[in-house]
Amino acid sequence: MIRTYTNFSLKKHNTFGIEASSKYYFEFTETEDLAVFLATNKQWPNLPILILGEGSNLLFVNDFQGLIINPNIPGISIVHEDRNNVWLEVGAGVVWDDLVEFSVFNKWGGIENLSLIPGKVGAAAVQNIGAYGMEIQHQIESVNGFDLETQTEYTYDAVNCQYAYRDSIFKNQLKNRFVITSVVFKLDKFPEFILNYGDLKTEVEKLGGVNLRNIRQTVIQIRESKLPDPKVTGNAGSFFKNPIVETSLAEQLRNNFPTLPQYPATDGKTKLAAGWLIEQCGWKGFRRGDAGVHEKQALVLVNYGTATGREIYDLSEEIKRSVQEKFGVELEREVNVIGED
Ligand code: FAD
Ligand code: EPU
């Protein structure tokens, strides 16, 4: 099935709930639809392109003057199975948390700590979603999609996806060029649980034992207690990434600010808690008009109702400047800003 629209409202297609529109919008449910659409609509090569999932990691600061492509492809199928593992091919349009629920129901492990992350499966492979000690890159086998430049279908094995903390090839060289249509995941029939994040283990044990169902339930409870529900208060999760800095700078910061949470990162570097840095600058719970900083999680910017994308963006820039001034640390956005001039 395909749907095409012009001057399409995006308010229900971004979890910030920002009022914005797209000049052209194309949604499809089968990979073949995309090739047909592109062959018959000759003006698209001259338009800016935005590939859209659920819009839970986007901020529109302007109307989008191009073509939005939404690969709303359904379906979960077993492509291979052996004694220890199962391989699932999952359509880009499947809601991420539906896949987690399905896996936990079938007692397949590997993604349970990623419960309740909003968004679609396609974007999960773009973003390398992570939470509670788990990153999806470790369960991805391959990523299938359609390259708009070469106009061919292609499969990237996980080793070629350049995965890193909230990063991948799809966010860089292939951004808005490679339309992910499905992702193949490898799940474990005898999973090793990852419970070393904060007090996750203690909380899971309180539910009566460590198993996939209890891990999922605990993660959901923790998330619901800290993060705003986008259906109630517009937001896109963490607005910034946790900064990864040279360990020498982290040590210097630790001397001046002994309570700053720090974690080992790759390449001998150190990750800092951006939420802590922002809170120390006095932003937690701040509100100007309808743009604000969540009162329980300073890393999450919120739209209390009718904030514009520009108001939220401007607030984020002020926050960035104040963290730079106080700590000498540069925050990098996790949220994709669309239409920034
Ligand atoms: P979108 O926001 O629509 O798109 C995100 C990016 O991916 C864009 O650059 C887009 O162009 C690209 N894209 C989307 N689909 C495709 C596709 N099929 N092919 C190619 N490119 C595509 N993230 C975490 O990692 N961990 C968390 O714990 C977490 N918690 C969150 C909590 C809340 C309350 C919210 C609102 C967000 C949270 N996020 C978290 C961020 C967000 O849920 C993830 O980034 C998610 O993967 C985005 O999915 P989406 O479908 O909404 O993508
Ligand atoms: N902290 C503060 N003040 C705050 C927020 C956090 O001091 O306002 C401190 C906490 O006390 C804790 C540390 O910062 O010591 C880390 O906080 P938390 O466990 O809440 O996690 P986070 O680093 O703020 C990251 C991810 C989340 C993910 C959680 C759980 C990033 C940018 N964010 O948040 O992902 O759900 O860990 O794993 O890596 C997202 O990407 O959108 C997202 C929500």
Side-chain angles (χ1 to χ4, degrees), residues 10 13-17 34 49-60 68-73 91-97 113-136 143-146 148 165-166 168 170-171 174-183 197-200 219 222-244 259-263 271-280 283-285 293-302 331-338:
L10 297 167
H13 291 265
N14 73 99
T15 57
F16 260 122
L34 179 58
I49 301 282
L50 172 66
I51 307 167
L52 182 70
E54 201 172 284
S56 66
N57 206 39
L58 299 178
L59 177 67
F60 290 99
I68 285 187
I69 297 178
N70 186 339
N72 201 7
I73 299 170
V94 170
V95 170
W96 168 257
D97 196 49
N113 296 34
L114 304 177
S115 288
L116 209 67
I117 296 181
K120 301 287 183 75
V121 162
V126 174
Q127 307 280 94
N128 184 19
I129 55 169
Y132 302 98
M134 211 174 245
E135 268 186 1
I136 195 51
V143 178
N144 302 313
F146 186 91
L148 296 173
Y165 166 62
R166 298 292 192 281
S168 73
F170 311 111
K171 290 185 84 165
L174 297 177
K175 188 170 180 153
N176 290 317
R177 167 177 157 182
F178 190 73
V179 183
I180 295 174
T181 51
S182 70
V183 182
Y197 191 97
D199 49 7
L200 185 57
V219 168
I222 299 174
R223 295 181 67 93
E224 285 179 340
S225 72
K226 277 197 204 173
L227 294 165
D229 177 355
K231 290 194 194 80
V232 180
T233 310
N235 76 93
S238 301
F239 199 89
F240 299 101
K241 294 183 189 180
N242 284 323
I244 295 175
T259 57
L260 164 56
Q262 304 195 355
Y263 318 91
K271 196 192 265 185
L272 310 175
W276 188 94
L277 297 171
I278 297 169
E279 182 176 347
Q280 295 300 309
W283 289 107
K284 200 168 182 171
V293 179
H294 189 53
E295 71 271 1
K296 292 188 197 147
Q297 232 299 358
L299 198 41
V300 178
L301 301 197
V302 289
L331 293 181
E332 187 192 335
R333 281 194 300 267
E334 176 181 324
V335 168
N336 299 274
V337 175
I338 312 295

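Order of appearance sets the numbers: ligands from 1, and atoms from 1 within every ligand. As the structure is a computational prediction, the values presented were derived from the model and not from experiment. Only this structure's heavy atoms are used, side chains among them; waters, hydrogens and symmetry mates stay out.
- Less than 4.0 angstrom separates some heavy atom of Leu52 from each of these atoms of ligand 1: 3 (O).
- Residues Asn144 and Ser182 bring a donor and an acceptor atom of their side chains to less than 3.5 Å of each other.
- When Tyr263, Trp276, Tyr132, Trp283 are ranked by how near their heavy atoms come to atom 12 (C) of ligand 2, first place goes to Tyr263.
- Within the 4.0 Å heavy-atom criterion, both parts of Glu54, backbone and side chain, lie near ligand 1.
- Heavy atoms of Phe178 approach ligand 1 to within less than 4.0 angstrom.
- Leu148 places a side-chain heavy atom less than 4.5 Å from the side chain of Ile69.
- Nearest protein heavy-atom contact of atom 18 (N) of ligand 1 is Ile180 O, 3.1 Å.
- Numbered from 1 in the order shown, with element, the atoms of ligand 2 that lie under 4.0 Å from a heavy atom of Phe240 read 32 (C).
- Under 4.0 angstrom from ligand 1, the non-hydrogen atoms of Asn235 come from both its backbone and its side chain.
- For atom 10 (C) of ligand 2, the nearest protein heavy atom lies 4.0 Å or farther away.
- Here the heavy atom of the protein found nearest to atom 15 (O) of ligand 2 is Pro261 CG, 3.5 Å.
- Of the candidates Asn336, Ile51, Ile49, the one placing a heavy atom closest to atom 16 (C) of ligand 1 is Ile51.
- Scanning all protein heavy atoms for the shortest distance to atom 3 (N) of ligand 2 gives Glu279 OE1, 2.7 Å.
- Distances between N or O atoms of Ala298 and those of ligand 2 include at least one value under 3.5 Å.
- Neither the backbone nor the side chain of Ser238 has any atom closer than 4.0 Å to an atom of ligand 1 (non-hydrogen atoms only).
- Atom numbering of ligand 2 starts at 1 in the shown order; those under 4.0 Å from a heavy atom of Gly237 are 42 (O).
- Close approach of ligand 1 to Pro71 (heavy-atom distance below 4.0 Å) involves ligand atoms 18 (N).
- The shortest N/O to N/O separation between Arg166 and ligand 1 falls below 3.5 Å.
- Looking at Gly234, Gly91, Ala123, it is Ala123 that brings a heavy atom closest to atom 49 (O) of ligand 1.
- Remark: minimum distance from atom 45 (O) of ligand 1 to any protein heavy atom is reached at Gln127 NE2, 2.8 Å.
- Taking only nitrogen or oxygen atoms, main chain and side chain alike, Lys296 does not reach within less than 3.5 Å of ligand 2.
- Arg223 counts as a contact of ligand 2, since one of its heavy atoms falls under 4.0 Å from the ligand.
- Given atom 2 (O) of ligand 1, the protein heavy atom at minimum distance is Asn57 N, 2.8 Å.
- Between Phe178 and Phe170, the ring-plane angle classifies as parallel under the 30° and 60° cut-offs.
- The nearest heavy-atom contact from the protein to atom 44 (C) of ligand 2 is Ser238 OG, 3.3 Å.
- Residue contacts with ligand 1 for Ile117 involve side-chain atoms from C-beta outward but no N, CA, C or O (heavy atoms, distance under 4.0 Å).
- Within a 4.0 Å radius of atom 23 (O) of ligand 2, the protein contributes at least one heavy atom.
- Using a non-hydrogen distance threshold of 4.0 Å, Arg166 registers as a contact of ligand 2.
- Taking CE from Met134 and OG from Ser115, the interatomic distance works out to 9.0 Å, rounded to the nearest 0.5 Å.
- No donor-acceptor pair under 3.5 Å is formed between the side chain of Asn235 and the backbone N or O of Val300.
- Of all protein heavy atoms, the one closest to atom 35 (C) of ligand 1 is Gly237 N, 3.3 Å.
- Remark: ligand 1 and Gly55 share an N or O pair separated by less than 3.5 Å (distance only, no angle test).
- The distance criterion of under 3.5 Å between nitrogen or oxygen atoms is not met by Thr15 with respect to ligand 1.
- In terms of protein heavy-atom proximity, atom 46 (C) of ligand 1 is nearest to Pro118 O, 3.5 Å.
- Proximity of a side-chain donor or acceptor of Asn176 to a complementary backbone N or O of Ile51 within less than 3.5 Å is detected.
- The protein non-hydrogen atom at the shortest distance from atom 39 (O) of ligand 2 is Tyr165 OH, 2.7 Å.
- When only interatomic distances are considered, the shortest N/O to N/O separation between Lys241 and ligand 2 does not fall below 3.5 Å.
- For atom 47 (O) of ligand 1, the closest non-hydrogen atom of the protein is Ile129 CG2, 3.3 Å.
- Counting protein heavy atoms only, atom 14 (O) of ligand 2 is closest to Ala273 CB, 3.3 Å.
- Residue Gly119 approaches ligand 1 through these ligand atoms, each under 4.0 Å from one of its heavy atoms: 49 (O), 50 (P), 51 (O), 52 (O).
- Listed for the Lys171 side chain is no donor-acceptor partner under 3.5 Å among the backbone atoms of Asn128.
- Atom 19 (O) of ligand 2 has Tyr197 OH, 2.7 Å as its closest protein atom, hydrogens excluded (heavy atom only).
- Side-chain atoms of Trp96 and Glu54, non-hydrogen and from C-beta on, never get closer than 4.5 Å to each other.
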Self-check item: Residue pair Asn242, Glu334: steps toward the side-chain contact (heavy atoms from CB on, under 4.5 Å) verdict
Solution: CA-CA 9 Å; Asn242 284 323; Glu334 176 181 324; over 6 Å; no
Exercise. Give the C-alpha distance, both sets of side-chain angles, the deciding distance and a yes or no for side-chain contact (heavy atoms from CB on, under 4.5 Å) between Ile278 and Phe239.
Key: CA-CA 11 Å; Ile278 297 169; Phe239 199 89; over 6 Å; no
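- Ligand 1 is never approached by His13 to a heavy-atom distance shorter than 4.0 Å.
- Distances below 4.0 Å separate heavy atoms of Pro228 from the following atoms of ligand 1: 34 (C).
- The shortest N/O to N/O separation between Ser56 and ligand 1 falls below 3.5 Å.
- Using a 4.0 Å cut-off between heavy atoms, Ala131 contacts ligand 1 through its side chain alone, with no backbone atom that close.
- Where the criterion is an N or O separation shorter than 3.5 Å, residue side chain and backbone included, Leu50 fails it with respect to ligand 1.
- Counting protein heavy atoms only, atom 26 (N) of ligand 1 is closest to Gly130 O, 2.8 Å.
- The ligand atoms of ligand 1 that sit less than 4.0 angstrom from a heavy atom of Ala236 are 35 (C), 36 (C), 37 (C).
- Listed by number with element, the atoms of ligand 1 under 4.0 angstrom from any heavy atom of Asn176 are 11 (O).
- In this structure the side chain of Glu295 never reaches within 4.5 angstrom of the side chain of Val302, judged on heavy atoms.
- The shortest contact between atom 4 (O) of ligand 1 and any protein heavy atom is with Leu58 CD2, 4.1 Å.
- Taking only non-hydrogen atoms, the option from Lys241, Arg223, Lys231 nearest to atom 31 (C) of ligand 1 is Arg223.
- Close contacts between ligand 1 and Lys120 involve ligand atoms 49 (O), 50 (P), 51 (O) [criterion: under 4.0 Å to a heavy atom].
- At the top of the distance list for atom 25 (C) of ligand 2, counting protein heavy atoms only, stands Asn242 ND2, 4.1 Å.
- Comparing Thr233, Val302, Val183, Val126 by heavy-atom distance to atom 21 (N) of ligand 1, the nearest is Val126.
- Nearest to atom 5 (C) of ligand 2 among the protein's heavy atoms is Gln297 OE1, 3.5 Å.
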